[in-house]
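The block underneath contains the structure these notes are about, expressed in structure tokens.
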Amino acid sequence: MRNDEKMDINLTQETTDDLTEEEKVQQNYETALRYINIAKHMKKFEDQDKYYHRAIKYLKLVQPHRNVRPLIRELRTKKFTARAQGKIELYKEACEIRDKAKTPNDYYSAQTIFFRIHQYEQNHPIIEKWVTPEVYAEASRCSDSEEQARLCQELAREKSAQLKRHNLLVSSIVILLVVAALFFTRTISFRQCLASSYSTFKDYESAWQAYEYIYQKNGNKDAHMKALFFRYKSAQTAASKGDENTAYVNYKALAKENYKDSHQKFVELEKEHIKHTKIGEKVSFGYMDWRVLAKEEGKILLLKDNSIGSTPFNEDGGNTTWESSSVRRWLNSSFLEDSFFKEEQDIILTTEVKNSPNPVYNTPAGPDTSDKLFLLSYDEALHYQKGIHRTKSCWWLRTPGNEKNSVCFMYRNKTVMDYGYDSDNTNITVKPAMWVNVE
């Protein structure tokens, strides 16, 4: 957890100049409820604290007109309980990192967390009457965070000095050994003899590496062709012995060189890797990392692991649907063609993409489509949420938001945001999904 990743969802209200007093009260009440809902979805205790506080502020505006005092008391309990429990959990995490520390960075990590606790508690104290005695007592035992931060800093300095002394000795020995090894092994003639010996004894993996070294050093095309030949032999040998990892790595490199039938053999291994990858784990396909979200008979659903830049859902903005979006056109044309060679494109299934209205605001989603690559819908994001990992950026879904010109998205902490952002927003990223045939 990092302080620089704090989020702030600030709900703006429409002008109240033309509203009656009762309408203003209702508006403030609904705003408070929305902040309560946001707080429930927050993972960081600081965010929960903040949104419960905002909800209480709006409920106080309602209080003269409605009996919301019990709800305010309940929210204060939740607010200060979240604050106390968050402090306790962070303190335990920092202590565990400190106690298991092996490097200066480990101590600095613990120091950062202790300092974060200290900074937060300066402006956000825990009020005893709003938490249970047990929670308050445990939180009080975590009140030495400032001292712990200083201790971790000192321990880091001591560890750093110790490692420097050790590393200096090790480095001196390593340098002497490396210089001696380089003196005897850097000549091309030596490498050629070595490569020939490897091939004679059918050590094809070492042979192609030796020939590739020669090619990189003097650009000898004959050495490059021999490197490709023996790498192909190494891949074949590895596959026959059941060493799928070596075969996979070598066929992958050879496919980039378009060598013999390496494309086809590489795709077969890709399918096997995908087939044996558990839901929620990463797998490589098309030289990119994907997450396995679901497995059905003969096919597997993949979601791009890292987002593909910041891209508008629809470049022209305005009212749009998945069917008419620019991101759909791009994913199923240039992105598809540039990212996968033909044998990979052939095993990406064409999917009947169902487009349903926004489940909260009932905004129409347009007609169903047939696509190889698509974005997850609001419902799919919730359904597969367990297999989806946290990200550094928000990313588009294909379901419309609260209006026709907005689109739902998934927040970095895996919260599905139903109200959406404008479709031409350039700060949201893209994570395509696809069904792959693994029969």
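Given the structure is predicted, the values throughout are model-derived calculations rather than measurements.
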Establish, from distance only, whether the side-chain atoms of [X] and [Y] form a donor-acceptor pair under 3.5 Å.
| X | Y | answer |
| --- | --- | --- |
| N250 | T246 | no |
| D106 | T103 | yes |
| E212 | Q216 | yes |
| S393 | T429 | yes |

Any pair with a residue in residues 291-300 that passes salt bridge (Lys or Arg N to Asp or Glu O under 4.0 Å), sequence neighbours left out, goes on the list, sorted by first then second residue, please. R291-D305, E296-K299
Mark yes or no for whether [X], through its side chain, and [Y], through its backbone, hold a donor-acceptor pair below 3.5 Å.
| X | Y | value |
| --- | --- | --- |
| N314 | D424 | no |
| Y287 | K252 | yes |
| S324 | T321 | yes |
| K414 | R390 | no |
| S326 | E315 | yes |
| K271 | E439 | yes |
| S196 | Q192 | no |
| E344 | G286 | yes |
| N332 | K372 | yes |
| T363 | G401 | yes |

To the nearest 0.5 Å, what is the distance between OH on Y411 and CE on M42? 7.0 Å
Separation between OG (S143) and CD1 (I117), nearest 0.5 Å, reads 10.0 Å
Is it true that Y259 and F229 have ring centroids separated by less than 6.0 Å? no
Between K159 and Y107, is NZ or CZ placed under 6.0 angstrom from the six-membered ring centre and within 45° of the ring axis? no
Hey, can you tell me if Y211 and F230 have their rings parallel, tilted or perpendicular (30° and 60° cut-offs)? parallel
For the pair H273 and Y248, name the ring-plane relationship: parallel under 30°, tilted 30 to 60°, perpendicular over 60°. parallel
Heavy atoms of A255 and H263 approach each other most closely as O-NE2, 2.7 Å
Identify, with sequence neighbours excluded, every residue that meets side chain to side chain donor-acceptor pair (under 3.5 Å) alongside [X].
| X | answer |
| --- | --- |
| S145 | E121 |
| D418 | none |
| K57 | none |

Report the C-alpha distance between E268 and K265 in whole Å, list the side-chain angles of each, state the deciding distance to 0.1 Å, and finish with yes or no for salt bridge (charged side-chain N to carboxylate O under 4.0 Å, His left out). CA-CA 5 Å; E268 290 302 316; K265 292 183 179 296; over 6 Å; no
Could you pull out all residues at least two apart from D144 that satisfy side-chain contact (heavy atoms from CB on, under 4.5 Å)? Y91, E147, Q148
Residue pairs fulfilling ring pair (Phe, Tyr, Trp, His ring centres under 6.0 Å) with at least one residue in residues 417-439, sequence neighbours excluded: F409-Y421
